[in-house]
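Following: one structure in structure tokens, then a few remarks.
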Amino acid sequence: MRPLPLRSTVPDTTPRLVAFDLDDTLAPSKTAIDPRIGDLLLALAERVEVAIISGGQLQQFRSQVVERLPQTDPALLDHLHLMPTCGTQYYRLGADGIQTVYAHSLTEDEKTRALSAVREEAERLGLWEAEPWGEILEDRGSQITFSALGQSAPLDAKMAWDPTGEKKNSLREAVAARIPDLEVRSGGSTSVDITHRGIDKAYGMRQLADATGIPLDDMLFVGDRLDPDGNDYPVLAMGVACHAVHGWEDTADYLDELIPTLPVRAQV
């Protein structure tokens with residue numbers, strides 16, 4: 001089992017923004033959030049800004065979260081921030097649906113080199129599945145994603161594929177050596193993500209700070225991969241207060257404790 005850092009680093013002030021990883025933090029990998037999480041996210045949005053930062057693409061945010069939220073006052077949705085592909089894309093929710101703030105895509109040359117490198121290194125390391133559940137490689141515009149068992153692999157197979165993270169880390173190191181001008185990071189349970197250099201969840205948090213005017217010191221991040229090899233770790237390393245969880249139930253229990261301590265936003 002991978003080690004976790006200190007369970008919680010307490011912010012110096014009451015957080016004004018709480019950000020979450022998606023898979024294995026708000027929901028099992030690529031599955032819809034439980035109604036309990038939907039209720040808690042909206043209850044949290046009545047008090048602070050709420051953000052989700054994940055390596056997944058926008059469609060995953062739609063199907064896993066947005067389409068599963070309970071009916072609410074559209075004005076409350078203004079306090080939800082969506083950052084797919086580790087913050088290389090940024091969207092806001094509102095009464096008119098999902099609105100694009102920005103999307104920083106890879107060039108065609110960068111995509112071609114990334115796709116070639118990750119496939120060739122996966123084959124060399126014996127990590128290319130002959131019969132996957134769906135596509136192994138996906139062009140997400142601002143990110144290339146390798147999913148070892150395919151995009152539609154069942155959760156139990158994904159959890160059993162690489163419980164120690166050794167396979168993903170070996171592939172990440174091999175691909176990074178091939179394309180040093182791009183960022184190569186371990187993603188979810190079976191994935192490796194490739195983006196522009198300097199793109200990780202810490203980048204996404206900085207973009208949130210710029211967009212909202214909320215200092216990083218007034219933010220809190222909740223994630224399941226805060227270990228040094230995890231894709232949530234850059235947020236911890238940059239000094240943002242973090243809380244480590246072991247799944248969506250753990251997140252829900254934590255929010256049950258956190259939300260009553262936060263003041264309700266004043267009505268304008």
Side-chain angles (χ1 to χ4, degrees), residues 4-29 31-54 56 60-84 87 90-95 98 201 204-205 207-209 211-226 232 235-236 238-268:
L4 282 170
L6 291 176
R7 183 166 178 76
S8 183
T9 55
V10 181
D12 293 332
T13 60
T14 299
R16 296 167 53 196
L17 182 149
V18 180
F20 299 88
D21 170 51
L22 179 50
D23 284 346
D24 300 319
T25 296
L26 292 177
S29 180
T31 64
I33 58 171
D34 186 87
R36 182 184 173 196
I37 286 289
D39 290 338
L40 287 167
L41 288 176
L42 293 185
L44 186 62
E46 291 176 348
R47 293 159 169 79
V48 299
E49 299 300 299
V50 176
I52 302 173
I53 304 178
S54 169
Q60 288 176 240
F61 282 63
R62 289 182 187 272
S63 61
Q64 289 182 251
V65 181
V66 177
E67 295 173 359
R68 301 292 178 157
L69 292 173
Q71 291 294 318
T72 188
D73 181 349
L76 187 60
L77 299 178
D78 289 338
H79 301 288
L80 298 179
H81 309 255
L82 307 179
M83 304 195 84
Y90 179 20
Y91 302 90
R92 299 292 302 275
L93 278 181
I98 297 175
K201 291 184 181 178
M205 296 297 285
Q207 295 299 306
L208 274 175
T212 64
I214 297 174
L216 293 171
D217 288 345
D218 291 340
M219 295 185 181
L220 172 65
F221 180 85
V222 180
D224 73 305
R225 288 300 312 273
L226 287 160
D232 297 330
V235 183
L236 180 67
M238 76 187 299
V240 170
C242 293
H243 183 82
V245 295
H246 299 279
W248 76 263
E249 298 95 338
D250 199 9
T251 301
D253 290 344
Y254 176 61
L255 290 178
D256 278 336
E257 298 175 2
L258 175 66
I259 290 172
T261 71
L262 304 173
V264 176
R265 182 182 293 106
Q267 298 297 316
V268 179

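Every heavy atom of this structure was used, including side-chain atoms; hydrogens, water molecules and symmetry mates were not.
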Could you work out, with salt bridge (Lys or Arg N to Asp or Glu O under 4.0 Å) as the rule, every residue matching R92, not counting sequence neighbours?
none

From M205 atom CE to I214 atom CD1, the distance as rounded to the nearest 0.5 Å:
10.0 Å

Output, in order, the C-alpha distance, side-chain angles, deciding distance and verdict of salt bridge (charged side-chain N to carboxylate O under 4.0 Å, His left out) for R16 and D218.
CA-CA 6 Å; R16 296 167 53 196; D218 291 340; 3.4 Å; yes

Donor-acceptor pair, side chain of R68 and main chain of G38, under 3.5 angstrom:
no

One should read off an interatomic distance between K201 NZ and D232 CG, to the nearest 0.5 angstrom, of 4.0 Å

Rounded distance (nearest 0.5 Å) linking atom NE2 of H243 with atom CD of E257:
7.5 Å

Do T25 and D224 pass the side-chain hydrogen bond (donor to acceptor under 3.5 Å, both in side chains) test, and can you show the C-alpha distance, the side-chain angles, and the key distance before you say yes or no?
CA-CA 6 Å; T25 296; D224 73 305; 3.2 Å; yes

Is any side-chain heavy atom of V50 less than 4.5 Å from a side-chain heavy atom of V18?
no

I need the minimum non-hydrogen distance between A45 and L80, along with the two atoms involved.
CB-CD2, 4.1 Å

Distance col, row L258:CG vs D253:CG, nearest 0.5 angstrom, shows 12.5 Å

Decide yes or no for L220 and C242: does some side-chain heavy atom of the first lie under 4.5 Å from some side-chain heavy atom of the second?
no

Within the 4.5 Å heavy-atom criterion, are H79 and E46 side-chain neighbours or not?
no

Does R265 offer a backbone N or O that forms a donor-acceptor pair with the side chain of R47 under 3.5 Å?
no

Residues passing the salt bridge (Lys or Arg N to Asp or Glu O under 4.0 Å) test with D23, sequence neighbours excluded, are none

Where is the tightest heavy-atom contact between A27 and A32, given as atom of each residue plus distance?
CB-O, 3.8 Å

For the residue pair L255 and R36, establish whether any side-chain heavy-atom pair is separated by less than 4.5 Å.
no

Residue pair F20 / V65, side-chain heavy-atom distance below 4.5 Å:
no

Spacing of F61 atom CZ and I53 atom CD1 [to the nearest 0.5 Å]
8.5 Å

Minimum heavy-atom separation for P70 and L42, please, with both atom names.
CG-CD1, 3.5 Å

Heavy-atom distance under 4.5 Å between the side chains of I52 and M83, does that happen here?
no

Would T261 and T14 count as a side chain to side chain contact (heavy atoms under 4.5 Å, CB included) if you check the C-alpha gap in whole Å, the side-chain angles of each, and the deciding distance to 0.1 Å?
CA-CA 9 Å; T261 71; T14 299; over 6 Å; no

Could you go through the side chain to side chain contact (heavy atoms under 4.5 Å, CB included) check for M219 and T212 one step at a time?
CA-CA 11 Å; M219 295 185 181; T212 64; 4.3 Å; yes

Find the distance between CD1 (I98) and CZ (R62) and round it off to the nearest 0.5 Å.
4.0 Å

How about W248 and L26: do any of their side-chain heavy atoms sit closer than 4.5 Å?
no

Go through the steps to decide whether D21 and V245 satisfy the test side chain to side chain contact (heavy atoms under 4.5 Å, CB included), and finish with yes or no.
CA-CA 10 Å; D21 170 51; V245 295; over 6 Å; no

